[in-house]
Amino acid sequence: MTDTNDRPAVTVIGMGSMGSAVARAYLERGYRTTVWNRTADKAEALADAGAAVASTAAKAVAASPVTVLSLLDNTAVEDVLHSVGAAAAGRTLVSLTSGSPAQARANEAWAIEHGAAYVDGKVMGDPPDVGTSRISLAFSGDRATFEAVEPLLQELGSLTYHGSDAGFAAVEFNAQVAMGYEFLIGFLHTLSLVEAERMDLEAFTERVAASLNGYAGLLRMMAGAIKSGSYGPDLGSLDVQAALMDDLIGHRESTGVEAVRMREVKSLMDRRIAQGHGDQGFSSLFELLRLRA
């Protein structure tokens, strides 16, 4: 172990489960780690592991060239930034706090106004996996700033940089999480249908799980169609698919299972067909979903 003053320094603000895991990862790797938490006893718990506990957020930020913010939400980030004020000058702030793209951009603007650098980050994984390749972190913001702190951030897991727009990490995170929820709520609705028909849920799930790899190529094809604006009959033409939707809706309604999601899809198909695009495929429904300037 090198002398204490020769070791790299980092500050971690926020001692919840994720923030504590981040601080411990740095301590285990020999970093001089300063911590601060609004509730002091949570920060004191890291003292036994070798962390220095700052009495204020401003002192915590001043203690290290880089501060990692791992807080409950962006409101907490704003409160901390307000309390730090001028102490942020010359420092780099890295947020690992969930929030919107607009909030990330506002945080970056605050940092620049106060003479600091800012990188926004989002964590996809669980606290016990911090410091391993099992956790993924998305980052965005000024490229030079990200590259300067990249070695420090690599201590936490697998990194992906999404560009100089500070909001892009939040876009990636929110879209990835939303995709998961969209899939899982659809899965639960489908299990409700299978259960209503008294089929084996676990056996059905095994068959669905075995089919998931087949969706990768379809997703890439759909994204390509949207980018080019050329919509072939993926999954078949909408004219054919719309008839199938009637069967799916009728089946759900006959068993008393909620069909709201199927009715929404059918409505989009009907609208697209009415526009004269019944020969196109499912991906063409994107034209009804995209926001127009």
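Counting begins at 1 with the first residue of the sequence.
For the side-chain hydrogen bond (donor to acceptor under 3.5 Å, both in side chains) test with Y231, the passing option among R272, E287, H277 is E287; the others fail.
Linking Ile, Leu, Val, Met, Phe, Trp and Tyr residues whenever their side-chain heavy atoms come within less than 4.5 Å leaves L81 and L72 in two separate clusters. M245 is not connected to L193 by any chain of hydrophobic side-chain contacts under 4.5 Å among Ile, Leu, Val, Met, Phe, Trp and Tyr, and they are in different clusters.
Residue T190 holds its OG1 atom at 12.5 Å from CD of E195, rounded to the nearest 0.5 Å. Between the CE atom in M222 and the CG atom in L235 there is a gap of 7.0 Å [rounded to 0.5 Å].
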Please tabulate, one pair per line, all N/O donor-acceptor pairs under 3.5 Å involving side-chain atoms of residues 11-19, not counting sequence neighbours.
residue: T11; atom: OG1; partner: A60; partner atom: O; Å: 2.7
residue: T11; atom: OG1; partner: S64; partner atom: OG; Å: 2.8

Listing, residues 113-120 side-chain donor-acceptor contacts under 3.5 Å, not counting sequence neighbours, or none:
residue: H114; atom: ND1; partner: W110; partner atom: O; Å: 2.8
residue: Y118; atom: OH; partner: N107; partner atom: ND2; Å: 3.4
residue: Y118; atom: OH; partner: D120; partner atom: OD1; Å: 2.5
residue: D120; atom: OD1; partner: K122; partner atom: NZ; Å: 3.4
residue: D120; atom: OD2; partner: K122; partner atom: NZ; Å: 2.5

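Heavy atoms from other residues, nucleotides or ligands lying under 6.0 Å from CE of M179 number 12 at most.
With sequence neighbours excluded, the residues that form a side-chain hydrogen bond (donor to acceptor under 3.5 Å, both in side chains) with E253 are R263.
Counting all heavy atoms, side chain and backbone alike, P127 lies closest to A21 at O-CB, 3.5 Å. Counting all heavy atoms, side chain and backbone alike, P233 lies closest to D279 at CB-O, 3.8 Å.
Remark: side-chain polar atoms of Y161 are paired, donor with acceptor, to backbone N or O of G141 under 3.5 angstrom. Distance alone, capped at 3.5 Å, places no donor-acceptor pair between the Q154 side chain and the L159 backbone. Although no hydrogens or angles enter the test, the distance criterion places a donor-acceptor pair under 3.5 Å between the side chain of D73 and the main chain of T75.
Ring orientation note: the planes of F139 and F146 are tilted relative to one another, at an angle of 30° to 60°.
Using a 4.5 Å heavy-atom cutoff, the side chains of D165 and R105 are in contact.
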